[in-house]
Amino acid sequence: MSSERPVATARPASFAAALALVALAALLVACVYGRSLRYPLTRDDPAHLGQVERFARPPAQWGDHFREEFWAQGSRSGLYRPLTALTIQATVHVAGREPPALRIGNLALLALAAAAAGLLARRMGVGGGAAALLTALVAVHPLLSETALEVVSRSETQAALGVLAAAGLLARGGGGGAVALLVLASFGAALLSKEGAFAALPALLYLLFASRAEPAGDGSGRATERARAPGRGLPLLALAVALLAALALRVAVFGDFVGFAPEETAYVDNPLIDADFGTRLATGLHVLGRYLALLAWPRGLSIDWSYAEIAPSAALDRFALGGAAALLLGLFWLIAALRGGAARRAEAFGLLLAGGSWLLISNVARPVGTVMGERLFTLPAIGLLLASVAALARTAGRPPLRGLLAVVAAAAVAALGWRGTQRTAEWRDGLVLYESAARVAPQSARVHCTLAHLLRARGRDDEAQAAAERALELLPEYGKAHAELGGCLAARGATGAALVHLWLSAAAPQSGMAEQLALQTAERRFLGDARVRADFVRRAEQLEAKWGTRPLFAALAKERLRVSAIR
């Protein structure tokens, strides 16, 4: 008696079915994000695209992107994304720097990634309706909105598209040279679009080595699970070549595989940089809990979650406990899916993709450049959605239950799409975007500092001053917030107090040449005035009384004595 057991067969999607999923994704993405085409660029986009000389390169020089860090500033950020820079470069070359053309590229990438997720699910045996649901969820989920609305964040969906394409090729089975070349191109493109794609390797290897469904040899027409080794050599070689080539390019640019220098990361960006493992673990679980809550229902989305909205802590709060519970549940689910063989291949792949991608950005194993960013959860979110939809399709049961689940699924897609349109509207203006962030993440010093800058630009100095002061309440040694407050005070004529904050901005950790020059210029112009010096001393004494135990303000005491001695 044969020990082979029936399993779900892979369902190769026809060209018409693939086209239908692409059309569905494009329609949904256009409905949710289409209005953003007329919005101005905001957040990191102006700084990135403001590198005029870089993005004015003729096509013959586009290869330079492969020899420089993503921001092209010689930093050690670890951000090496030459293909992302290349797609932006190509858009600028063809259509200029106007927002519509640049954002159309983002929306196209998101639609293709959503369709690729659905096609992959179909390839791994998930039914057509469930594959369409997965496509719709990826296309409209607001947690992925940043990757659609910020041009430089296209790196996330561009990498996801490459990973999903490579997975689809591996899920087909077979190991011909053409397939291997396509795997090499897809995974290589993902690795050179966003470093997070490195975390997809375990999931891709699982697909390569997992048992596959084959027709039974007894003439029954059933599909049976059989381990099949032939044909894996060339795809495995393709994955290895893509990986080694990406690592070699990183070494050429940064001098090592990682390219990340923790000392260049500001405390406000990631307060876990110098934290011990226990604190990183507890805080990483806290962040995971937040991510999962936003995946379940993205009610509160923020462009920034930095200090002190998420502060280092070794304690397990409700988010950390939720993250820990989800991690354990996911582990048991993964074990069951792996034991389930080909029938649960989509679930196992999705969980491996989600787990590996989360671990890379979690700060648990190694600190990264930020404590939390919604865009960073793109690959984990797609993996979890794939696993969840596959599990739902497997357990749907009888037709009446399937009908009810179809209604619930349609309602969920509609609700997420509605929330996505709301989130899109918040990107219509930088000030609106950060006012929203201040409501959702009121403890983020950087949100209040950026809000102060935007308010000053609109001439709303009183509100700007309040925002800058709030940023300093959260992080007293925040140099950028001191610079913003100094500008507000100078506009009100409080020159001596403004000089104190300019001095603090220049003396703060990680201050640069710009802050030093601004201080020197202001001192030459105003410090010769006795009234200004008196105001400087009074303001310095106030701040020392409030925060004098901190190193920056202890140094301010010495500067106060120097200024008071000037005659």
Side-chain angles (χ1 to χ4, degrees), residues 29-52 55 88 91-92 95-107 110 140-154 156-157 268 294 298-306 309 370 372-375 416-471 480-481 483-485 487-488 491:
V29 167
C31 289
V32 173
Y33 300 110
R35 68 170 71 179
S36 71
L37 296 180
R38 65 179 185 269
Y39 296 164
L41 300 178
T42 187
R43 201 169 175 266
D44 288 341
D45 285 344
H48 192 77
L49 291 161
Q51 301 174 51
V52 177
F55 286 100
I88 296 172
T91 304
V92 171
R97 301 167 190 267
E98 294 303 312
L102 291 162
R103 283 220 177 90
I104 283 175
N106 279 35
L107 303 191
L110 177 58
V140 305
H141 204 294
L143 187 57
L144 308 183
S145 59
E146 190 175 336
T147 67
L149 297 168
E150 185 178 49
V151 173
V152 295
S153 290
R154 71 170 55 182
E156 302 288 349
T157 41
V268 69
L294 291 173
R299 182 175 64 88
L301 296 170
S302 171
I303 200 66
D304 182 272
W305 293 95
S306 59
E309 186 62 33
T370 186
M372 177 178 176
E374 291 164 11
R375 66 192 179 279
L416 288 169
W418 170 76
R419 179 67 185 97
T421 60
Q422 287 185 317
R423 181 57 173 163
T424 301
E426 292 172 353
W427 281 75
R428 66 186 181 273
D429 178 84
L431 181 57
V432 175
L433 183 63
Y434 276 90
E435 285 176 334
S436 169
R439 291 190 297 271
V440 174
Q443 302 302 309
S444 170
R446 185 162 56 189
V447 163
H448 291 287
C449 180
T450 306
L451 190 56
H453 178 78
L454 294 169
L455 288 165
R456 281 183 62 205
R458 304 289 177 90
R460 295 161 60 177
D461 291 334
D462 290 343
E463 295 171 82
Q465 181 171 337
E469 289 172 344
R470 175 59 180 154
K480 290 183 179 179
E484 293 297 336
L485 183 53
C488 293

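All values below come from the heavy atoms of this structure, side chains included, with hydrogens, waters and symmetry mates left out. Residue numbers start at 1 and run along the sequence shown. All values derive from a computational prediction rather than experimental measurement.
Residues forming a salt bridge (Lys or Arg N to Asp or Glu O under 4.0 Å) with Arg38 (at least two apart in sequence, or on another chain): none. Not counting sequence neighbours, the partners of Ser436 by the side chain to side chain donor-acceptor pair (under 3.5 Å) test are Glu426. Partners of Ala445 under the side chain to side chain contact (heavy atoms under 4.5 Å, CB included) rule, at least two apart in sequence or in another chain, are Val268, Leu474, Leu475, Tyr478. With sequence neighbours excluded, the residues that form a salt bridge (Lys or Arg N to Asp or Glu O under 4.0 Å) with Arg460 are Glu435, Glu463. His453 pairs by the ring-ring contact (aromatic ring centres under 6.0 Å, His included) definition with nothing, not counting sequence neighbours. Applying the salt bridge (Lys or Arg N to Asp or Glu O under 4.0 Å) rule to Glu469 yields no partners; only residues at least two apart in sequence or on another chain are considered. Listed by chain and number, the residues in a side chain to side chain donor-acceptor pair (under 3.5 Å) with Ser153 are Glu150 (sequence neighbours excluded). Qualifying salt bridge (Lys or Arg N to Asp or Glu O under 4.0 Å) partners for Asp429, counting only residues two or more places apart in sequence or in other chains: Arg458. Partners of Arg419 according to the side chain to side chain donor-acceptor pair (under 3.5 Å) rule, which considers only residues two or more places apart in sequence or in another chain, do not exist here. Remark: Gln422 pairs with no residue by the side chain to side chain donor-acceptor pair (under 3.5 Å) rule, at least two apart or across chains.
Leu49 has its side chain out of reach of Val152: every pair of non-hydrogen atoms, C-beta onward, lies at least 4.5 Å apart. By the 4.5 Å heavy-atom criterion applied to side chains, Leu451 and Leu431 are counted as neighbours. By the 4.5 Å heavy-atom criterion applied to side chains, Leu102 and Asp45 are not counted as neighbours. In this structure, Ser145 and Tyr33 have side chains that are in contact, with non-hydrogen atoms separated by less than 4.5 Å. At least one side-chain heavy atom of Glu146 sits less than 4.5 Å from a side-chain heavy atom of Arg43.
Annotation: the span from Leu433 atom CG to Leu454 atom CG amounts to 9.0 Å, rounded to 0.5 Å. Atom CG in Leu294 sits 6.0 Å away from atom CD in Glu374 (nearest 0.5 Å). Taken to the nearest 0.5 Å, the CG atom of Leu110 stands 5.5 Å off from the OG1 atom of Thr147. Atom CZ in Arg423 sits 14.5 Å away from atom CG in Leu416 (nearest 0.5 Å).
Here the closest non-hydrogen pair linking Leu455 and Ala467 is CD1-CB, 4.5 Å. The two residues Val440 and Gly300 have their closest heavy-atom pair at CG1-C, 3.7 Å. In terms of heavy-atom proximity, Ala468 sits nearest to Ala452 at N-CB, 3.7 Å. Shown here for Pro442 and Glu309, the closest heavy-atom pair between the two residues is N-OE1, 3.2 Å. Summarising the geometry of Leu143 relative to Pro298, their closest heavy-atom pair is N-CB, 4.5 Å, with the distance given to 0.1 Å. Nearest heavy atom pair, residue Gly420 against residue Val32, reads C-CG1, 3.7 Å.
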Handout entry: side chain to side chain contact (heavy atoms under 4.5 Å, CB included) between His48 and Val151, worked out
Key = CA-CA 9 Å; His48 192 77; Val151 173; over 6 Å; no
Practice task
Assess whether side chain to side chain contact (heavy atoms under 4.5 Å, CB included) is satisfied between Leu37 and Ile104, documenting all intermediate values.
Solution key: CA-CA 7 Å; Leu37 296 180; Ile104 283 175; 3.7 Å; yes
Practice task
Apply side chain to side chain contact (heavy atoms under 4.5 Å, CB included) to the pair Thr370 and Trp305, showing each step before the final yes or no.
Solution key: CA-CA 9 Å; Thr370 186; Trp305 293 95; over 6 Å; no
Exercise for the section: Report the C-alpha separation of Leu149 and Arg428 in whole Å, then their side-chain angles, then the decisive distance to 0.1 Å, and conclude whether the side chain to side chain contact (heavy atoms under 4.5 Å, CB included) test is met. Expected result: CA-CA 10 Å; Leu149 297 168; Arg428 66 186 181 273; over 6 Å; no
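A donor-acceptor contact closer than 3.5 angstrom is absent between the side chains of Gln465 and Arg470.
Applying the side-chain hydrogen bond (donor to acceptor under 3.5 Å, both in side chains) test to every pair with at least one member in residues 95-106, sequence neighbours left out, gives these pairs: Asn106-Arg154. Counting only residues at least two apart or on different chains, the salt bridge (Lys or Arg N to Asp or Glu O under 4.0 Å) pairs with a member in residues 442-455 are Asp269-Arg446, Asp304-Arg446.
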